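Accompanying notes for the structure given below.
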Amino acid sequence: MDQSRIRNFCIVAHIDHGKSTLADRLIELTGTLTAREMQSQVLDNMDLERERGITIKSQAVRLIYKADDGNEYILNLIDTPGHVDFNYEVSRSLAACDGAILIIDAAQGIEAQTLANVYLALDHDLEVLPVINKIDLPSADPEGTAREVEDVIGIPAMDAPRISAKTGENIKSVLEAIINELPAPDGDVNAPLQALIFDSLYDSYRGVIVFCRVKEGRIKAGDKVRMMATGAEFEVVEVGYFGAGQFIASDELSAGMVGYMTASIKNVRDTRVGDTITGADNPCSEPLPGYKKVNPMVYCGLYPADGAKYPDLRDALEKLQLNDAALFYEPETSVALGFGFRCGFLGLLHLDVIQERLEREYDLDLVTTAPGVVYRVYKTDGEMIELTNPSNLPDPSEIEYMEEPYVSAEVMVRSEYIGAIMDLCQERRGIYISMEYMEETRALLKYELPLNEIIYDFFDALKSRSRGYASFDYELSEYKRSELVKLDILINKEMVDALSFIVFKDTAYEKGRKMCEKLKEKIPRHLFEIPIQAAVGSKVIARETVKAVRKDVLAKCYGGDITRKKKLLEKQKEGKKRMRQIGNVEIPQEAFMSVLKLDEE
Amino acid sequence: MSDFELYVHLPFCVQKCLYCDFTSGVFDGRLQRDYLKVICEEIKESACRYKGRLSSVYIGGGTPSMLPLYFIEEICNTISDNFEILPGAEISIEANPGTVTREKAKGYLDLGINRISMGLQSADDAELKRLGRIHSYRDFLESYDSLRKAGFPNINIDLMSGLPGQTQDSLAASLKEVLLLRPEHISVYSLIIEEGTPFYDMYHEDALRQEKGEDTMFLPGEDETVSMLHLTENLLLTSGYNKYEISNFSKPGFECRHNIGYWKRTPYVGVGLGAASLISPDILREGDMGSAFEVRYANTKDMKTYLYGEKIGGFEELKKSDAMSEFMFLGLRMTEGISISEFYEAFGITPDAIYKEHFRKLSERNLIINEDGRIRLTPFAMDVSNIVLAAFV
């Protein structure tokens with residue numbers, strides 16, 4: 001295939017600006033799937049993705065389009081994950097493209113992720129094609145939005161297609177613009193193979209299916225290939241391209257093409273996103289730039305509610321990891337919860353998705369401990385440890401100092417809410433960097449924020465304080481020294497390791513107090529009084545008491561009533577099943593996540 | 001020959017009390033007459049289906065005493081025509097103040113009824129009014145007097161604690177009033193706010209606060225209700241009554257045998273609207289129960305269906321393990337607890353073999369005592385019995 005008849009592109013947008021809907025329309029209009037075959041949002045495959053309306057895995061689809069110039073073109077659309085947790089995957093997906101469609105909501109205009117995505121696309125030297133969506137909305141202002149794109153981003157937008165992905169209006173103009181405005185790929189088909197892995201998928205029959213963009217050279221079945229970062233070598237079994245929802249084998253993939261390859265690969269960890277595939281016998285001189293190993297940012301403990309299910313949890317994690325190189329886990333033991341795993345995730349959404357998949361797809365009942373970030377602990381003996389489990393914090397006497405991860409955050413906000421958002425960032429220990437007005441009514445705030453302060457409920461707080469008129473994007477910046485302490489929780493005078501968490505020293509008192517209050521709500525009354533204490537070191541800083549039950553009787557109990565009374569007792573007993581026994585105290589599973597909700601008012 | 005108990009449900013009331021969630025209500029005379037026909041038929045059918053003598057009969061409601069005497073007469077006659085009643089069997093009827101006269105009481109006695117249970121609930125007229133009762137304390141005294149004058153030898157008085165607006169003092173006053181009368185039996189039930197009653201709409205939230213041990217607005221707080229339980233027990237014990245079950249007290253020898261039957265799981269046949277039955281294979285005249293150890297079923301709670309449609313519904317096949325679990329959680333309601341040898345007789349296995357771990361944990365927590373061949377709740381556990389009983393379901 002002539003490279004000039006290929007376009008490799010992605011669609012980038014702020015969340016809810018219509019990325020998946022436009023992708024659906026393009027697929028439909030090019031006849032890749034008929035309208036009848038379409039399930040809305042074809043590219044979001046997982047049930048979870050569809051339910052939540054987000055893309056978690058990258059997806060690709062090949063469209064054939066007969067353009068107005070009479071030629072047939074191959075359009076490779078690469079859909080990118082839509083959440084900041086998966087930023088690295090987004091960046092790799094972009095690197096597989098030559099151009100990007102930037103969707104802007106005609107009613108909302110530019111948002112924080114619009115900007116972040118544009119900059120990301122420009123960083124990868126992509127040609128950016130703005131498309132103004134949702135012109136069917138009564139509040140749409142396509143002309144104002146186009147002006148805003150020109151003013152704020154500095155790319156021409158007056159001729160940008162004005163469309164409604166929802167109604168299908170003007171979709172053809174997008175296809176024409178892709179042909180005319182986005183560049184065709186280049187690359188020498190005779191050069192040594194150089195292909196970028198932008199995603200992979202585990203299939204129980206074929207092993208790992210590697211999604212790649214061939215930059216130079218060609219690849220076909222039977223070739224011996226090497227993954228340059230991991231060094232793993234394989235013999236290619238099959239190559240092909242992406243139909244909508246299916247893989248279609250082909251003879252070869254050559255420079256400029258996007259497709260997949262399989263090679264009986266057992267584990268996605270051998271085919272890391274961002275790695276370069278080259279020929280084992282005739283390797284290229286250098287890998288493609290930009291590979292980095294993604295490290296989990298958030299850790300938590302996952303324990304089976306029923307201790308006997310530990311092997312099931314291990315098997316489930318193993319299976320999930322086959323398909324998710326970013327998921328990390330290692331066995332750990334908690335005094336309170338028994339055997340489980342310390343798991344690392346890209347962010348809270350990633351955690352949430354994994355947790356939900358474990359519960360849904362593997363039918364596991366889980367106890368999750370409070371998620372935390374990775375702290376760096378510098379010890380007096382010169383050693384540095386990366387702390388993922390608060391319980392492993394060394395004795396304070398052995399600690400020289402600690403560091404916590406910070407992010408650079410950008411918040412785009414309507415001017416009337418600037419004050420409220422600045423207050424929020426301040427409360428979350430933000431370091432003000434800058435503020436610039438994008439236009440009269442909107443400003444871009446830049447802050448450095450501790451990751452720990454944003455992983456829980458920052459996004460919700462942002463939405464509520466700006467009444468929805470703020471958007472947010474961040475990336476990990478650096479570790480900074482910080483005054484941190486471990487907050488321990490004692491229930492009935494016994495320390496519960498699974499409830500410990502690391503806090504900023506000055507907030508320890510307040511967090512301890514709130515934690516005790518939360519736990520008081522969550523822990524049912526027992527036959528004895530239960531003190532709940534928060535302590536830093538040996539010093540108790542907060543206390544609540546769960547009063548003892550004094551009365552719990554069923555009154556009249558006669559013949560006709562026995563079945564009903566039995567049900568009441570059964571219900572009482574059922575409630576106990578969702579509890580963990582710690583010492584003499586039964587603690588409900590959800591109590592271990594209480595720390596997540598400390599800032600809810 | 002096996003014996004069983006007969007329960008006869010008469011769901012008729014002058015007016016429904018605000019807290020009541022029993023199967024009862026106000027029905028017109030025509031329905032009452034139809035009911036009499038149907039329930040007598042049901043008694044006859046039961047006699048065809050089940051063999052054995054009646055160890056007790058309980059005519060409950062509703063307010064059976066509001067019905068004309070001939071109504072009770074026809075029921076009693078149907079029972080005695082169709083069943084063999086054990087000599088000296090306890091035959092009880094429920095009555096409410098203001099609905100019994102001396103003549104009626106006399107009539108009951110002539111029919112062989114030897115125990116009467118009076119629903120007083122409180123001796124405080126303001127409390128009675130809040131409950132939606134139709135009578136005053138004075139009405140009760142008159143009714144009680146006519147029962148005694150007619151010669152009733154065994155009278156129970158029902159009282160309630162934990163009522164809206166009730167205090168320890170007002171409860172103590174009610175108890176003292178009642179103790180002056182020296183009834184043979186006194187039941188004191190804690191008020192439960194049941195869904196579907198007017199009280200639920202009025203006090204549901206307050207009941208939740210009470211359950212959590214928080215401050216309440218109308219109902220006595222949790223600590224107060226516990227004090228009420230203790231006060232009740234102290235007053236009655238010092239006045240010569242035995243506490244033989246969580247809510248039941250009697251002079252020695254006047255324990256309600258019918259109720260004890262429920263807690264000991266004597267088979268029972270219930271007739272009438274919503275009545276439940278517990279059938280063991282040995283009272284079946286013919287057929288068997290397949291793999292079931294026992295069967296429990298209940299009649300419909302819908303009056304029209306009961307009268308003109310399919311009466312029986314809600315079959316529940318009890319496995320042996322279900323029966324054992326009931327044996328425990330019902331038996332432990334009694335002060336004397338359960339007998340290890342009776343358990344063995346019923347199931348051919350010792351309770352220890354089944355519940356050893358439970359027993360160990362519960363006695364560690366000072367909730368049960370195992371002594372003299374019996375297992376019973378500790379006095380401490382009596383106040384929080386659900387926690388113990390739930391362990392056995």
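Excluded from the calculations below are hydrogen atoms, water molecules and symmetry mates; all remaining heavy atoms, backbone and side chain alike, are included. By convention in this document, chain letters (A, B, ...) are assigned in the order of the sequence lines, proteins followed by strands, and residues within each chain are numbered from 1. Note that the structure is a prediction, hence the values are computed from the model and not measured.
The only option from I387(B), V388(B), D383(B), L389(B) that meets the side chain to side chain contact (heavy atoms under 4.5 Å, CB included) definition with D552(A) turns out to be I387(B). Exactly one of R525(A), K547(A), R550(A) qualifies for a side-chain hydrogen bond (donor to acceptor under 3.5 Å, both in side chains) with E222(B). That residue is R525(A).
The main-chain N or O of T225(B) is never found under 3.5 Å from a side-chain atom of K551(A) such that the two would form a donor-acceptor pair.
Your options are I562(A), V546(A), V549(A), D561(A), and the one with the most heavy-atom pairs under 4.5 Å with chain B is I562(A). Among F392(B), Y58(B), F22(B), the residue making the largest number of heavy-atom pairs under 4.5 Å with chain A is F22(B). When each of A275(B), A276(B), G60(B) is scored by its heavy-atom pairs under 4.5 Å with chain A, the top score falls to A276(B). For chain A, the option among R365(B), H258(B), E316(B) with the highest count of heavy-atom pairs below 4.5 Å is E316(B).
Here the closest heavy-atom approach between residue R296(B) and residue T563(A) is recorded as CD-OG1, 3.3 Å. Nearest heavy-atom pair, A390(B) versus L569(A), reported as atom, atom and distance to 0.1 Å: CB-O, 3.8 Å. Closest heavy-atom contact between I192(B) and V553(A): CD1-O, 3.8 Å.
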- Step by step, would you call L527(A) with L367(B) a side chain to side chain contact (heavy atoms under 4.5 Å, CB included)? CA-CA 10 Å; L527(A) 291 172; L367(B) 293 167; 3.5 Å; yes

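Heavy-atom distances place no part of E214(B) under 4.5 Å from chain A, backbone and side chain included. When heavy atoms are compared at a cutoff of 4.5 Å, A391(B) approaches chain A solely by way of its backbone atoms N, CA, C and O.
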